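Order of the sequence lines fixes the chain letters, A, B, ..., with proteins taken first and strands second; residue numbering starts at 1 for each chain. Just so you know, these numbers come straight off a predicted model, no measurement behind them.
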Number of protein chains: 4
Amino acid sequence: MTAPKTHPGRTGSRGRIDKREAILAAAFRVFARKGFANACVKDIAAEAKVAKPTIYSHLDDKDALFREAMAAAAEGVSATSAAAVEGLRHPGEDLEAAFGTAARLLLDSCLTESSHALRRLTYAELPRFPELLDTVRGALNGRLVDDLAGHVAMLSVGGRLRVGDPVLAAEQFVSLITGPMEICSAMGTREVTAEKAAEVASAAVTTFLAAYGTD
Amino acid sequence: MTAPKTHPGRTGSRGRIDKREAILAAAFRVFARKGFANACVKDIAAEAKVAKPTIYSHLDDKDALFREAMAAAAEGVSATSAAAVEGLRHPGEDLEAAFGTAARLLLDSCLTESSHALRRLTYAELPRFPELLDTVRGALNGRLVDDLAGHVAMLSVGGRLRVGDPVLAAEQFVSLITGPMEICSAMGTREVTAEKAAEVASAAVTTFLAAYGTD
Amino acid sequence: MTAPKTHPGRTGSRGRIDKREAILAAAFRVFARKGFANACVKDIAAEAKVAKPTIYSHLDDKDALFREAMAAAAEGVSATSAAAVEGLRHPGEDLEAAFGTAARLLLDSCLTESSHALRRLTYAELPRFPELLDTVRGALNGRLVDDLAGHVAMLSVGGRLRVGDPVLAAEQFVSLITGPMEICSAMGTREVTAEKAAEVASAAVTTFLAAYGTD
Amino acid sequence: MTAPKTHPGRTGSRGRIDKREAILAAAFRVFARKGFANACVKDIAAEAKVAKPTIYSHLDDKDALFREAMAAAAEGVSATSAAAVEGLRHPGEDLEAAFGTAARLLLDSCLTESSHALRRLTYAELPRFPELLDTVRGALNGRLVDDLAGHVAMLSVGGRLRVGDPVLAAEQFVSLITGPMEICSAMGTREVTAEKAAEVASAAVTTFLAAYGTD
DNA sequence: TATGAATGAGCGTTCATTCAT
DNA sequence: GATGAATGAACGCTCATTCAT
């Protein structure tokens, strides 16, 4: 029998996989709360409501637990941030409105708790986990910039933008949003008012289109 | 003999202060290498070539050691980054050239190993050391943005820029430089070619002036 | 097979309790040997033939270890010392013989190594562990004096003793035995000969009956 | 020049000896407050208002510091407790009054803070400092018992007491006072009312004279 | 398979002690 | 002689990891 069973049954391996995912999710929550070194496996086991050795039966050691938890969390964040610029694939008539929507969605995804935690943990543990760059950063900015650069290139080919280096332009657009946002959210430790967010998004679009627009 | 001797114990308490600074510098290096939690005091002592208790005679505990080391490092970085935009106070005839110079200087200061480490550690440890915002962020971006916003406002008043919100514009300028730079330097873990740097700086200036220039 | 097995893990949680008691016993031995502050947990672990963390899995910290070890030891000593004066409840014809027996039993229980150590540690650590008064002193003298005072009161009511304050009289009887004994055993650090012990017991009874007897 | 100078002058060695005594007194206070192991030399230096190495120039190490401080304190306590029974050398007409006075003085000297501290420290550190028995116990009880035994013997020879073993009788007298006192002062941690003290002293004399008196 | 119990290794911190001044 | 500064050694405690069940 090959069809995967989604209900947590004892037959098949779906139940085991569910538990693994529950462990990874719990691990990410605890790591986000305490950081890697200060999070202890006991806490993670408690958060996941399993016994400590159960974790070791699913993951090799604490390092692997961290890597996998980060990768899983990155996958989640990646999807929403990439979705934010998806509307630019077919922007319709009003280009400014399309970029405005993208900017606000992107901003929302950046203000997520998970997003901040992911960024923070990556920064913190990069020295010990250099491979986080490939698993997390790709998820955080890499894919986003790539997708966006693609859309920008298409728009440039279509004559609706005038862009020399689409990748650089995409990086600038992302930076115009995340940069001021990080500055005023104090790296995720302060609430950002909706007004300020709207202002940042609007200014980013204005600046971006002033530089690359054709109208 | 009037020249200050570095010999410990002579010239008042200079020797003690020297050692304190050596400890803080060593601490920053080790923290940068391993992160806060993974760095152990023994390593820092070895790096500073002192015994562990000597550290505790200068600083209260590991937390204080971290705070002071960060503050000292921030002080160093702050000066060079603030100096980068100093040329914009009297930009002369060629505004683009002035911003170009500022961009390159700023970029240089951001590509420093210290700067990356400072940024990474601040981001990583903000939840546990909220006061880093005041000591480090002020030094990293706060002062820089403030100075730059002042220059932008002056230029706007003088009619050479057209800026609604000088602070936001300054944030954008800084973001247009540091954002793409961080994306492609991978948070300071990858070398950035001089060409790429020049390209980023140039594009930042172009975008910024396209949005806010008056020519 | 119904006999309880000492094999750890079998028979419910008996093994764990056994280990806890072994740890407490070992702790008391080490504390008795070195005093509280000079005893280190490593030594106790070695004495109990367990690893250090095992101790911390049974007891919260060194203080708790001390408290529990003292309480357990006190429980043991309490029983024998209280039993010593039990014969005075029904002294029979020869009152002097009954007191003599009680005196010798009491003396034996006071000359125990455990008893000395308990006394010494309690005295030494009372300022830091004030609750020892309730857990240990009650076991050492409190219960003994109370029981004895009760017997003395009964004998007084029965006309075989003439006692104004039974509690004070009981304290005196106990002091007439333990006082000289502590003086010449040098707080448990010197051997006391059987002759000297008999002499002290006999003299205590003589003095006590001279003061409170009715013959 | 041979006459000792009592004023702390630079000539002669009296100043040095004064400082040594100040250090020992300070050490005893700190040891009494914290116990041997928890008292650190730095605290003692602060209490004595000297620098740490100064202490090491007067005493070899912390152990010696403890021994000497204990010996000095013992000397002080010994004098007052021995003086308490001095009146029994020439008791005058009223023997009961003379013993009553001695009992009260002895009791006062036992209720001293120094006396309790001395006893507590001796108990606590006997395992590590066995020689405390000779320096302290001699001062605490030994000399007292010896002196008292002498007086008792004299009184026995004079026909005013009927005593077989003067040393044991002396031990009993001391025990009749200190025993109940320690029981109800809870080893120096509880205040004892003047009434209770008087009661104990009076009962001790009564019991003692009932046993050994000739009236 | 999942778990309670046990452990080896390590960390932050303190302190007695010693130089150089 | 007295002191500020420095250190080697130790201790309490925690945690990732592994057996035995």
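- Contact annotation: C:K19 side-chain N/O to E:dA6 OP1/OP2 distance is under 4.0 Å.
- For D:K62 and E:dA16, the NZ to C1' distance is 8 Å, given to the nearest whole Å.
- The residue among B:V41 and D:A37 whose nearest nucleotide of DNA chain E lies closer to the 5′ end is B:V41.
- Across all strands shown, E:dC11 forms a Watson-Crick or G-U wobble pair with F:dG12, both key distances being under 3.5 Å.
- Both D:V50 and A:N38 sit near DNA chain F, but only D:V50 has its closest nucleotide nearer the 5' end.
- Of the nucleotides present, F:dA6 is the one that pairs with E:dT17 by Watson-Crick or G-U wobble criteria, both distances under 3.5 Å.
- Across all strands shown, B:A39 has heavy atoms under 4.0 Å from sugar-phosphate atoms exclusively, and none from any base.
- With respect to B:D43, the salt bridge (Lys or Arg N to Asp or Glu O under 4.0 Å) criterion is satisfied by exactly one of B:R29, B:K62, B:K34: B:K34.
- Here F:dA5 presents its P atom at 12 Å from CD1 of B:I23, a figure rounded to the nearest Å.
- Within the model, atoms CD of C:E68 and CG of C:L59 stand 6.0 Å from one another, a figure rounded to the nearest 0.5 Å.
- Considering only the side chain of A:P53, E:dT3 comes nearest among F:dA5, F:dC15, E:dT3.
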* From CA spacing to verdict: salt bridge (Lys or Arg N to Asp or Glu O under 4.0 Å), D:R120, D:E125 -> CA-CA 9 Å; D:R120 201 185 320 127; D:E125 305 303 335; over 6 Å; no

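- Counting distance only, with no hydrogens placed and no angle test, the side-chain atoms of A:K52 and the base atoms of E:dT3 include no donor-acceptor pair under 3.5 Å.
- What separates CG of C:L59 from P of E:dA6 is a distance of 13 Å, to the nearest Å.
- As rounded to whole Å, 10 Å separates atom P of F:dC13 from atom CG of C:L65.
- Of the two residues near DNA chain F, B:S57 and C:K42, the one whose nearest nucleotide lies more 5' is B:S57.
- For the ring-ring contact (aromatic ring centres under 6.0 Å, His included) with D:F129, the qualifying choice from D:F31, D:F36, D:Y123 is D:F36, the only one to do so.
- In this structure, D:F28 CZ and D:F66 CZ are separated by 8.5 Å, a value rounded to the nearest 0.5 Å.
- One atom, CD1 of A:I55, and another, C1' of F:dA16, lie 11 Å apart when rounded to the nearest Å.
- In this structure, B:Y56 places its OH atom 16 Å from P of F:dA6, rounding to the nearest Å.
- Side-chain nitrogen and oxygen atoms of D:H58 include none within less than 4.0 Å of the OP1 or OP2 phosphate oxygen of F:dG1.
- For F:dT7, one of the phosphate oxygens OP1 or OP2 lies less than 4.0 angstrom from a side-chain nitrogen or oxygen of B:T54.
- The nearest whole Å value for the distance from the CG atom in B:D61 to the P atom in F:dC13 is 18 Å.
- Atom pair D:F31:CZ and E:dA16:C1' shows a separation of 11 Å (rounding to whole Å applied).
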